Amino acid sequence: MGQKVGNVTIRVRSGEKAPPLYLIEPELINSIPPRRPGLSELLSHHFSIPPFPERRRRRINEVPGPSPNPVQNFAMEDTGGKEMASAEASGFSDLSDSEFLDLEDTQESSPSLGKPGSSEFPKSDKCINLPKGKRDLDVPSPLERFNLKYLYVTDLSTQNWCEQQMVYGKEIPDFLTPEKEAVLNTGASIHLARELEVHDLVTVSVVTKEDAWAVKFLNILSMIPTLQSEGCIREFPVFGEVEGVLLVGVIDELHYTDKGELELAELKTRRRPMTPLKAQKRKDCFQVSLYKYIFDAMVQGKVTPASLIHHTKLCPEKPLGPSVLRHAQQGGFSVKSFGDLMELVFLSLTLSDLPVIDILKIEYIHQETAAVLDTEVVTFEEKEVKSKMQHYMAYWMGQREPQGVDVEDAWKCRTCSYADICEWRKCGGQCSSTLEPQAKRTR
DNA sequence: ATTGCTCAATGG
């Protein structure tokens, strides 16, 4: 059950000596160029580059599945796994509570991140009278119901597309048509190829959650200097508290422009050579806006180790696993515990003279031809983004029921796996069965 | 789906 042993990927700058072990789906192997040329060249080869035998690996946790993986197998340290499991099961352990006493710092230093009243994390069952949002305390919030300690950025952008669909996706595993799956795989493959243009990937076996996060931290530590020396970095991890909920994500690409502005570039690949619809753009704009919001908070010191620990229930004292430790030392970081590394990341983020993100750019390209279909430069509207986030988080905190799409967006249901069972649709879209008749839309 | 019950994203 709880054994989370697995592998995660670490980003290694090109030119390192560590023999790169690429984590690639077998079917993606052909898409990996031998000398990492640009995307267009890659695509022109129609994914027919000879495979690299040593790269034959799947991307992530290889464990489950009928056929035993030839490559991996992390020695499964049961102790680690079970410790975690029990810690998680208890939800809010007294132990972790005691470590959050200095959370005031977080709050004080983060006026814009997390709203004022957000110190009211569900403190065990002590929050008998939660005034806000008239939430029924007998009913667990969606966050609790799904056992989520944090959300992904893409959870929120999916929520922007259709909240009801996102909810169904959490409840029921999505059923994808082969066509849809192929589109997603191609998209993932293109993104992977682009990532490999700027760095190699190496596997690191992890035993604990702390290890997995440590790898994320190592990636941040190695990417910041690259970025600051005018390099382009891809797949930069971000995390931070937003409206009382921890949001976790990965920025596609960051680089400085000729003018010295820090630009976020998000690539969206499309099956058909059409410009994206408004709804698609709206969702993608929201996604990159969230990235900026979180990244800015990180470099401004508003994302503290304490807040991360608070949400994730990670244990700073936990020693790093051998594999992770090896890579840390290889990177020149003299750290022993997970907490050490976390502090180092905090310092690196805040003391590297990283600016906030100046430009948000989204590029839509055709999967088959790599033709640019559209380029969107997003204006970051903080107020708007924030109010959207509040709206979405209100659902997660159990302060309101989920909503489906508005009538004019009903076309989205055409490709939705849950259309047949969708309660929102059954109610004719606007009426929400259990809610007061507030058919007014908020968007 | 690939795999989750947390190592996010892939697209419509």
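Each chain gets a letter, A, B and so on, in the order the sequences are listed, and its residues count up from 1. Since we're looking at a predicted model, the values are computed, not measured.
A donor-acceptor contact under 3.5 Å is not formed by the side chain of A:Y364 with the base of B:dG11. For B:dG11, its base never sits under 3.5 Å from the side chain of A:Q367 at any donor and acceptor pair.
The residue A:F239 sits apart from the nucleic acid: no heavy atom pair falls under 4.0 Å. Residue-level contact check: A:F175 touches the backbone only, with heavy atoms under 4.0 Å from sugar-phosphate atoms and none from bases. Within 4.0 Å (heavy atoms only), A:R414 reaches no atom of the nucleic acid at all. Counting non-hydrogen atoms under 4.0 angstrom, A:E266 reaches the backbone sugars and phosphates but no base.
Atom CD in A:Q280 sits about 11 Å away from atom P in B:dT10, given to the nearest Å. In this structure, CZ of A:F286 is placed 20 Å from P of B:dG12, rounded to the nearest angstrom. Straight-line distance from the CD1 atom of A:I365 to the P atom of B:dT10: 12 Å, rounded to whole Å. As rounded to whole Å, 13 Å separates atom P of B:dG12 from atom NZ of A:K412. Here the C1' atom of nucleotide B:dA8 and the CG atom of A:L201 are 14 Å apart, to the nearest Å. When rounded to the nearest whole Å, the span between NZ of A:K149 and C1' of B:dG4 equals 13 Å. Distance, A:R272 CZ to B:dG11 P: 15 Å, rounded to whole Å. For the pair A:R145 CZ and B:dC5 C1', the computed distance is 14 Å after rounding to whole Å.
A:F295 and A:F236 have their aromatic ring centers within a separation under 6.0 angstrom. Taking the six-membered ring for Trp and the full ring otherwise, A:Y392 and A:F286 have centroids separated by under 6.0 Å.
Between A:Q287 and B:dT10 there is a side-chain polar atom (N or O) within less than 4.0 angstrom of OP1 or OP2. Distances shorter than 4.0 Å separate some side-chain N or O of A:R270 from OP1 or OP2 on B:dG12. OP1 or OP2 of B:dT10 sits under 4.0 Å from a side-chain N or O of A:K268. Between A:T269 and B:dG11, a side-chain N or O to OP1/OP2 separation shorter than 4.0 Å is present. At least one side-chain nitrogen or oxygen of A:K216 sits closer than 4.0 Å to the OP1 or OP2 atom of B:dA8.
Comparing A:V153 and A:Y150 along DNA chain B, the residue whose closest nucleotide (by nearest heavy atom) sits nearer the 5' end is A:Y150. Nearer to the 5' terminus of DNA chain B, by closest-nucleotide assignment, is the contact made by A:Y291 (compared with the other of A:Y291 and A:R271).
The side-chain contact (heavy atoms from CB on, under 4.5 Å) search around A:F346 returns A:T304, A:P305, A:T350, not counting sequence neighbours.
Side-chain atoms of A:E181 lie closest to B:dT2 of the nucleotides B:dG4, B:dT2, B:dG12. Here the nucleotide nearest the side chain of A:A188, chosen from B:dG12, B:dT10, B:dG11, is B:dT10. Which of B:dA8, B:dG11, B:dT2 sits closest to the side chain of A:H191 comes down to B:dG11.
Classification of A:R270 and A:D374 as a salt-bridged pair fails, no side-chain N sitting under 4.0 Å from a carboxylate O.
Annotation: side chain of A:E423 is in contact with side chain of A:Y168 (closest heavy-atom distance under 4.5 Å).
With hydrogens and angles disregarded, no donor-acceptor distance shorter than 3.5 Å links the side chain of A:E195 to the backbone of A:R234.
Across the C1' atoms, B:dG4 and B:dT10 are found 15 Å apart, a figure rounded to whole Å. Annotation: B:dT2 and B:dA8 have their C1' atoms spaced 12 Å apart (nearest Å).
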